[in-house]
Amino acid sequence: MRTRIEVTKKYAQAYARATKKQKAAILDTVVGITGWNRDHARQQLRRRITQPPGRTSATVAVLDRRKSRPRRYSYDSLVVLQQIWSVSGGLCGKYLAASMSEWIEAMQRHGSLIPGQDRYSPEVREELLAMSAATIDRYLAPAKAKEPLRGRSTTKPGSLLRASINIRRAGDEVEDEPGFFEVDTVAHCGPTLKGEFARSVNLTDVHTGWVFTRAIRNNARIHILTVMEAALESIPYLLSGLDFDNGGEFINHDLVSWAGQRQIYFTRSRPYKKNDQATIESKNGHVVRRYGFYYRYDTAAELALLNRLWPLVNERLNFLTPTKKPIRWSTDTLGRRKRIYDAPQTPFRRLVASGILGPAQQSELGDHHDRLNPMAIAAEIDQIQQQLIRLAGEKTRELEREVRTATATAMPDPGGIRFNRQVG
């Protein structure tokens, strides 16, 4: 830093008197010595020129305009933004900026945001609506949560009927209408697969992003069929197709017969090809792991809490949380392929825009959307999550310690290895 300050002192006066062409040459020199970019070098030279004579010591650095300029948005806006972000379940800046007006209206409708109370006002509302996605992410950076525990994969190949089920590959076209769902299970096993533990079954519509999640005791076929029946009752439109991985809990006669009786199209992905089920694989993290964490749930009480949690999470995600979808490929300025996404929308808005709902269905879902209280949903989700942490947190950490100990014991002791040396 001392060298950089000396460089700016040396070239500042020459830069002030130089022509445009000479300034470009000076900037090239300063950039080559200091490693700054041209904009920052230009800023430092100009600030050095206007610096008072008493502050010309080589130990005094020039202030960075990014750190010295005032905030554009008020502190009240930051406080309310953090509240909305918490109620939304921790949305990223792009999704929160796209749905900010909807969150504000819903919270105002149910009395969670009242003008004149808790720093909220019409001026704060205007500032929140004017914030860009990058600004939201920057303001919320201190509040970002740390990642929880990691889990394990429990998918095991199911050879039964596998050859007779159609394969859907990554990039294959699916129906342009809602109703085609990818399905997967997520194990709540913690750090070990030993014993019996709960699993969450997740269904995600490829077209709209509509999600349905339920927890089951284990991967027995009767539990999988129960979830499928519950999905048919809960999803507000026709379920036309199901796409599974190659796990034995899905590839079996019972589920194939169930789908055939209901004229539901049945497909599977290729083994070990995660991209074939990219939609559901992303939801496993964004939904199940984000809200259910990585703890081990193996008791009836924990299973009951999960099945209280998932309907609330589904309501928030389907009616209040926007998502974006890839719509085509394009190229950047260097000719490299890049993905183009549509504007973020909630699954409910995508479902309405698809035109498959009748007037009565659309009105019923619209009324249900207006009755949802985001603050109450967030409070209940947080309460259930705290109960899950109290029940499973210490148990999971103890299992992690046991697994680490067993792994360390199974490894050979380097100190016990002896090497024979030949003495000449």
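Residues: numbered from 1 along the sequence shown.
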Might you work through the ring pair (Phe, Tyr, Trp, His ring centres under 6.0 Å) test for Phe319 and His368, ending with a clear yes or no?
-> CA-CA 9 Å; Phe319 289 94; His368 181 73; 5.1 Å; yes
I'd like to know if the side chain of [X] pairs up with that of [Y] as donor and acceptor (distance under 3.5 Å, no hydrogens or angles considered).
{"X": "Glu102", "Y": "His369", "answer": "yes"}
{"X": "His223", "Y": "Glu249", "answer": "no"}
{"X": "Gln43", "Y": "Trp36", "answer": "no"}
{"X": "Ser200", "Y": "Trp310", "answer": "yes"}

Would you find a donor on one side and an acceptor on the other, under 3.5 Å apart, between the side chain of [X] and the backbone of [Y]?
{"X": "Gln361", "Y": "Gly358", "result": "yes"}
{"X": "Asn318", "Y": "Trp210", "result": "no"}
{"X": "Arg296", "Y": "Cys189", "result": "yes"}
{"X": "Glu302", "Y": "Asp298", "result": "yes"}
{"X": "Asn252", "Y": "Gly248", "result": "yes"}
{"X": "Thr8", "Y": "Ile5", "result": "yes"}
{"X": "Ser257", "Y": "His253", "result": "yes"}
{"X": "Asp332", "Y": "Arg336", "result": "yes"}
{"X": "Ser282", "Y": "Thr279", "result": "yes"}
{"X": "Glu182", "Y": "Ile280", "result": "yes"}

Apply salt bridge (charged side-chain N to carboxylate O under 4.0 Å, His left out) to Lys94 and Asp137, showing your working.
-> CA-CA 8 Å; Lys94 287 185 178 180; Asp137 283 332; over 6 Å; no
In Å and rounded to the nearest 0.5 Å, what is the [atom1] to [atom2] distance from [X] to [Y]?
{"X": "Ser101", "Y": "Arg125", "atom1": "OG", "atom2": "CZ", "answer": "7.0 Å"}
{"X": "Leu303", "Y": "Thr299", "atom1": "CG", "atom2": "OG1", "answer": "8.0 Å"}
{"X": "Trp329", "Y": "Arg337", "atom1": "CH2", "atom2": "CZ", "answer": "4.5 Å"}
{"X": "Leu388", "Y": "Arg308", "atom1": "CG", "atom2": "CZ", "answer": "9.0 Å"}
{"X": "Leu242", "Y": "Phe266", "atom1": "CG", "atom2": "CZ", "answer": "7.0 Å"}
{"X": "Gln263", "Y": "Leu238", "atom1": "CD", "atom2": "CG", "answer": "9.5 Å"}

State whether Glu394 and Arg397 are salt-bridged, where the test is any N-O pair (Lys NZ or Arg NE/NH1/NH2 against Asp/Glu carboxylate O) under 4.0 Å.
-> yes
Is it true that Lys395 and Glu398 make a salt bridge, defined as a side-chain N closer than 4.0 Å to a carboxylate O?
-> no
Are side-chain heavy atoms of [X] and [Y] found at a separation under 4.5 Å?
{"X": "Ile84", "Y": "Met100", "result": "yes"}
{"X": "Ser121", "Y": "Pro115", "result": "no"}
{"X": "Thr192", "Y": "Glu402", "result": "no"}
{"X": "Val211", "Y": "Lys283", "result": "yes"}
{"X": "Met107", "Y": "Val87", "result": "yes"}
{"X": "Asp76", "Y": "Tyr120", "result": "no"}
{"X": "Val80", "Y": "Leu128", "result": "yes"}
{"X": "Trp258", "Y": "Met228", "result": "yes"}

Give the minimum heavy-atom separation between [X] and [Y], together with the two atoms involved.
{"X": "Tyr295", "Y": "Ala392", "result": "CB-CB, 3.8 Å"}
{"X": "Ala301", "Y": "Leu391", "result": "CB-CD1, 4.4 Å"}
{"X": "Ala106", "Y": "Pro374", "result": "CB-CG, 3.5 Å"}
{"X": "Ala231", "Y": "Leu203", "result": "CB-CD2, 3.9 Å"}
{"X": "Ile26", "Y": "Leu45", "result": "CG2-CD1, 4.4 Å"}
{"X": "Ile136", "Y": "Gly93", "result": "CG2-CA, 3.9 Å"}

Between Arg38 and Asp28, does a salt bridge (charged side-chain N to carboxylate O under 4.0 Å, His left out) hold up when you go through it step by step?
-> CA-CA 8 Å; Arg38 296 180 70 84; Asp28 290 337; 2.4 Å; yes
List the atom pairs, donor and acceptor, that lie under 3.5 Å between side-chain atoms in residues 342-354 and the rest of the protein, sequence neighbours left out.
| residue | atom | partner | partner atom | Å |
| --- | --- | --- | --- | --- |
| Asp342 | OD1 | Lys325 | N | 2.8 |
| Asp342 | OD1 | Arg350 | NH2 | 3.4 |
| Asp342 | OD2 | Arg350 | NH1 | 2.8 |
| Asp342 | OD2 | Arg350 | NH2 | 3.3 |
| Thr346 | OG1 | Arg349 | N | 3.2 |
| Arg350 | NH2 | Thr323 | O | 2.7 |
| Ser354 | OG | Leu351 | O | 2.5 |

More than 12 heavy atoms of other groups within 6.0 Å of [X] [atom1]:
{"X": "Arg401", "atom1": "CZ", "answer": "yes"}
{"X": "Glu196", "atom1": "CD", "answer": "yes"}
{"X": "Glu364", "atom1": "CD", "answer": "no"}
{"X": "Ile222", "atom1": "CD1", "answer": "no"}
{"X": "Arg328", "atom1": "CZ", "answer": "no"}

Walk me through it: do Tyr291 and Arg316 pass the test side-chain hydrogen bond (donor to acceptor under 3.5 Å, both in side chains)?
-> CA-CA 12 Å; Tyr291 287 96; Arg316 173 192 273 179; 3.1 Å; yes
Which word best sums up how the rings of Phe181 and Tyr237 line up, parallel for under 30°, tilted for 30 to 60°, or perpendicular for over 60°?
-> parallel
